[in-house]
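Taking it in order: structure first as structure tokens, then the write-up.
Predicted model, so just to flag it, every value in this text is computed and none were measured.
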Amino acid sequence: MPHELISRLLRGNAKEKKILCPLEGSVGSLVRMRVRGIFCLFETRGGKAVISCCRHHNIMTVYVLSDGSGPGSQVPSHLTRIPMALLCPNTNYNNKTVKGEVIHKGPLVRVATDDLILKTIIHEEDAMQSVDCQRMSINMVIFGALAESFSHRVNPGDILWVSGFTVGKSPTVNKDKLHPCNLLLSGDDACIYLQVSKQRPPEPRSPLASRGSSLTPAEDLRTPRAPRYTYVRLDELKNMAVVNVYGVVVFFKQPFKSRGTDYCSSLKITDQSEHKIGCTIFCEKLEDHPRIFQTGDIVRMHRVKVHLYNNSLTLVNTFGFSVVTFSGAVGGGMEPRTSSKSLQLDEDDRRTIEELRAWAACQALLSSVSAAVPLSAVQPNTYFDLICQLLAKASIDSTCTLLRVWDGTRCPHALLKVIVEPNSTEGPSSFSKHKESHIANVLVYDNHVEFSRHLKPGAFLRIYNLRAIPGSSRVPGLTSSQPVEPDHLAFHLHGGTSYGRGIRLLPENSPDVQELRRAMEAFLDHQDEEVSELNDSELLEVWSTPPEFIDGDVVDCRTERCCDHQLQLVTLSQVKQSAGGQTHHVRAQIGSYEPRRLHRALKLFCCSCSAIQDVPDEELLAGIFSEATRCPTACAPPPWALSGHVDLPGDASASQQHSPSVHLSTKLMTEGKTEQLIFLMGCSLEETQHLAAAYPNVVPVAPSGGRLALMDLTAPFLFRGTDRHYGCKRCSEAAVREPSAAGVEQVDEKMIAESETCCTSCS
DNA sequence: GGTTAGGGTTCG
């Protein structure tokens with residue numbers, strides 16, 4: 001194939017890509033060829049091969065502009081800037097450049113074996129350029145090595161100058177309301193000049209990076225390189241050295257406010273050398289501190305300095321410090337906990353972590369440490385960690401705050417009651433009798449009062465070194481008229497940070513929170529049974545909202561009502577004081593609602609067979625997805641699909657050991673709608689959502705009987721942005737088929753549902 | 001390239 005033809009194809013419109021060419025060699029349904037450095041994908045059709053896709057595998061990548069003399073000064077002078085608003089298809093943009101700030105960066109998606117695609121949105125700031133807002137942000141599609149380099153180098157907030165691009169019509173303009181064109185970057189000429197956002201922390205200086213020149217070509221990240229970091233064992237530390245270390249946490253304190261400008265974390269780590277080394281971390285921002293949940297966690301620290309203090313070596317963070325924490329559970333997840341934007345995590349790191357986990361599991365390192373205890377197992381006169389959900393909180397006085405928490409289990413001991421004013425409570429001031437019996441009142445003192453100020457009801461917490469005290473003495477807020485209850489268990493979080501005393505917010509994805517949710521779910525299921533036996537007044541208490549009756553007349557009941565604002569606005573307290581049977585106009589903020597788990601109040605409705613089914617809750621869905629990820633079985637992709645692997649960006653890919661794959665319809669590809677529909681296999685719910693943000697239609701699939709199949713119909717069969725579309729378990733016959741979008745401008749849920757023989761019941 | 005803290009239970 002002549003090089004000129006391919007060059008034309010690369011720059012040309014979609015129609016030109018359908019040129020027929022003679023079949024060369026053995027061709028299956030798809031074949032890949034390399035012609036003068038250009039990868040072409042051919043699809044057989046009637047003894048001829050049709051070019052499906054072809055990309056130049058260029059090596060040049062993203063240029064990072066040097067700091068200094070002002071933005072844009074190093075962009076080559078032969079390039080003239082063109083306002084984004086003036087871009088239109090089929091125009092020659094040689095020697096032109098478009099400038100914009102990255103406002104969205106999609107994941108790097110691998111299609112076939114050698115091609116990569118990344119979608120990003122850039123925004124043009126300068127007001128002088130255009131008054132048309134829609135034309136101020138544009139989708140940019142980057143192919144090949146440039147996409148890979150972009151994925152590693154560029155982040156939202158960075159400023160780009162783009163050249164060597166072509167301009168095509170945007171297939172998503174109706175949906176995303178962005179510029180009607182796309183910027184397409186592939187081939188030799190495509191070039192990106194990058195000005196890293198000032199807000200972004202600088203990356204560590206690589207010894208490989210060249211210095212002194214105004215333009216620094218980014219490293220070619222596909223080539224294996226020497227390990228970026230070396231780690232020093234804890235028995236080989238030398239005073240005053242700046243080192244990188246790995247260690248198992250044997251002691252830690254949550255960050256606390258120092259007398260200086262920073263928060264201070266104190267921890268002690270060990271490794272196979274059995275040396276225990278204390279570490280002190282000073283950082284102004286809490287998020288830059290080690291995110292340690294429990295002893296046994298593994299930390300990796302870069303750029304800590306060895307100091308000698310009291311004849312012991314200690315580590316203190318120094319310039320360019322970064323830390324990442326992992327669970328210490330053998331065989332556990334590798335989700336990195338870090339604020340670092342440029343996390344590097346390779347096979348060596350994973351091996352080091354697994355080795356430390358395996359080693360620590362055989363050591364008696366953690367035997368003396370207080371483990372987390374559920375409320376059902378709390379013993380009087382002990383210190384323990386409590387993993388719980390905050391339901392409500394109330395300030396008692398300047399040195400004491402009440403946290404009302406639960407973990408779904410019930411403490412066998414009678415618990416201290418603390419009476420506070422309902423209007424001083426954040427969160428619900430009362431609960432059903434059943435739930436109340438599962439709630440622990442935790443009194444936190446002194447420095448923990450300040451931290452508690454930031455906590456919101458609903459948050460998941462780990463409270464460290466909580467003390468269970470029987471026969472409580474007088475409690476602040478208790479008036480003399482209230483009897484002291486001698487045999488009740490009180491929970492105190494004393495002031496100070498001894499023994500790591502403190503509170504930590506747990507993220508939703510932590511295994512502890514997932515376990516907590518299971519316990520709460522079990523509680524709620526049990527409560528549902530009880531509610532059905534409750535009488536009316538108890539129901540009122542549970543639902544907190546009076547039934548829709550006024551003077552015995554049924555009030556019009558709709559999901560949404562409009563207020564005509566004819567009545568005078570009154571306060572809730574005025575309503576409470578007024579006689580019944582009146583209509584009021586109030587404006588109020590929702591303090592709480594029941595049922596807390598809204599998915600219980602919403603149902604999916606099938607318009608074909610009128611079946612009603614529950615909306616699955618997130619945890620159940622996450623379980624279905626992770627189950628499908630865990631059991632990778634061999635699966636032949638359908639003959640109509642072009643298959644490849646997905647590289648998820650940053651942390652996500654680093655933390656997953658699975659290998660997600662993507663299947664694209666070759667038919668859609670030839671119709672120029674490649675990205676309109678992707679079939680995704682082996683991704684977690686979170687990853688699927690992530691990709692759904694970048695691609696208009698994402699169908700999760702799983703192997704079944706050696707073939708590609710839809711997932712269990714409990715799960716959505718289609719993600720469209722944040723919308724989820726479900727099949728009907730009763731009447732949908734789910735199957736994966738190649739969709740046809742001939743003559744259709746845009747792929748939508750209806751079209752997909754029809755081709756999947758799956759009815760949309762709700763979204 | 002400068003401070004902070006430098007684990008080891010409150011005293012409610």
Given the C1' atoms of B/dT10 and B/dG6, what is the spacing between them in whole Å? 22 Å
Looking at every strand, decide which applies to A/Asn310 at a 4.0 Å heavy-atom threshold: base, sugar-phosphate, or nothing. nothing
Name the closest nucleotide to the A/Ser258 side chain, picking from B/dT4, B/dT9, B/dG6. B/dT4
Spacing between A/Asn317 atom CG and B/dG1 atom C1', to the nearest angstrom: 13 Å
Give the nucleotide from the list B/dT10, B/dA5, B/dG7 with an atom nearest to the side chain of A/Arg467. B/dT10
Nearest-nucleotide pick for A/Asp446, side chain only, options being B/dA5, B/dC11, B/dT9: B/dC11
Kindly check if the number of other-residue, nucleotide or ligand heavy atoms within 6.0 Å of CD (A/Glu686) is above 12? no
Got a salt bridge between A/Arg300 and A/Asp349, using NZ or NE/NH1/NH2 to carboxylate O under 4.0 Å? yes
Any donor-acceptor N/O pair under 3.5 Å between B/dG7 base and A/Lys253 side chain: no
Tell me the interatomic distance from A/His494, atom NE2, to B/dC11, atom P, rounded to whole angstroms. 7 Å
Does A/Thr399 put a side-chain nitrogen or oxygen below 4.0 Å from OP1 or OP2 of B/dG12? no
For A/Glu101, does the CD atom sit with more than 12 other heavy atoms under 6.0 Å from it, leaving out its own atoms? yes
Quick check for you: among B/dG7, B/dT3, B/dT9, whose closest atom lies nearest to any side-chain atom of A/Tyr383? B/dT9
Could you please name the option among B/dT4, B/dA5, B/dG12 that lies closest to any side-chain atom of A/Thr261? B/dT4
Consider only side-chain N and O atoms of A/Tyr231 and A/His302, and report whether a donor and an acceptor are under 3.5 Å apart. yes
Within the modelled atom types, does a donor on one side and an acceptor on the other bring the side chain of A/His307 and the base of B/dG6 under 3.5 Å apart? no
Going by centres under 5.5 angstrom and planes under 30 degrees, do the aromatic ring of A/Tyr499 and the base ring of B/dG7 stack? no
5' priority, DNA chain B, between A/Lys268 and A/Gly260 [closest heavy atom]: A/Gly260
Could you tell me how far apart A/Leu402 (CG) and B/dG12 (P) are, to the nearest whole angstrom? 18 Å
Counting only side-chain heavy atoms from C-beta out, which of B/dT9, B/dG12, B/dG6 sits nearest to A/His492? B/dG12
Ignoring backbone atoms, establish whether A/Arg259 has a side-chain N or O less than 4.0 Å from OP1 or OP2 of B/dT3. no
Measure CG/A/Asp262 against P/B/dG6 and give the value in whole Å, please. 14 Å
So if I take every side-chain heavy atom of A/Arg501 and compare against B/dT10, B/dT4, B/dG6, which nucleotide ends up nearest? B/dT10
Which is it for B/dG7, anti or syn, if anything within 90° of zero counts as syn? anti
Just checking A/Gly500: base, sugar-phosphate only, or nothing, at a heavy-atom cut-off of under 4.0 Å? nothing
Rounded distance in Å between the P positions of B/dG1 and B/dA5: 24 Å
Please check if the distance between the ring centroids of A/Phe523 and A/His434 is under 6.0 Å. yes
Between A/Phe256 and A/Thr497, whichever has its closest DNA chain B nucleotide further toward 5' is A/Phe256
Tell me: NZ of A/Lys305 to C1' of B/dA5, nearest whole Å? 17 Å
Find the distance A/His488:NE2 to B/dG12:P and express it as a whole number of Å. 21 Å
Going by centres under 5.5 angstrom and planes under 30 degrees, do the aromatic ring of A/Phe319 and the base ring of B/dG1 stack? yes
Tell me the interatomic distance from A/Phe282, atom CZ, to B/dG6, atom C1', rounded to whole angstroms. 8 Å
Distance-only donor-acceptor check, side chains A/Asp397 and A/Thr399, under 3.5 Å: yes
Give A/Lys257 one of three labels, base, sugar-phosphate or nothing, depending on what nucleic acid heavy atoms sit under 4.0 Å from its own. nothing
Whole-Å distance between B/dT9 P and A/Phe384 CZ? 19 Å
Taking it one step at a time, do A/Tyr383 and A/His492 satisfy side chain to side chain donor-acceptor pair (under 3.5 Å)? CA-CA 9 Å; A/Tyr383 288 94; A/His492 289 235; over 6 Å; no
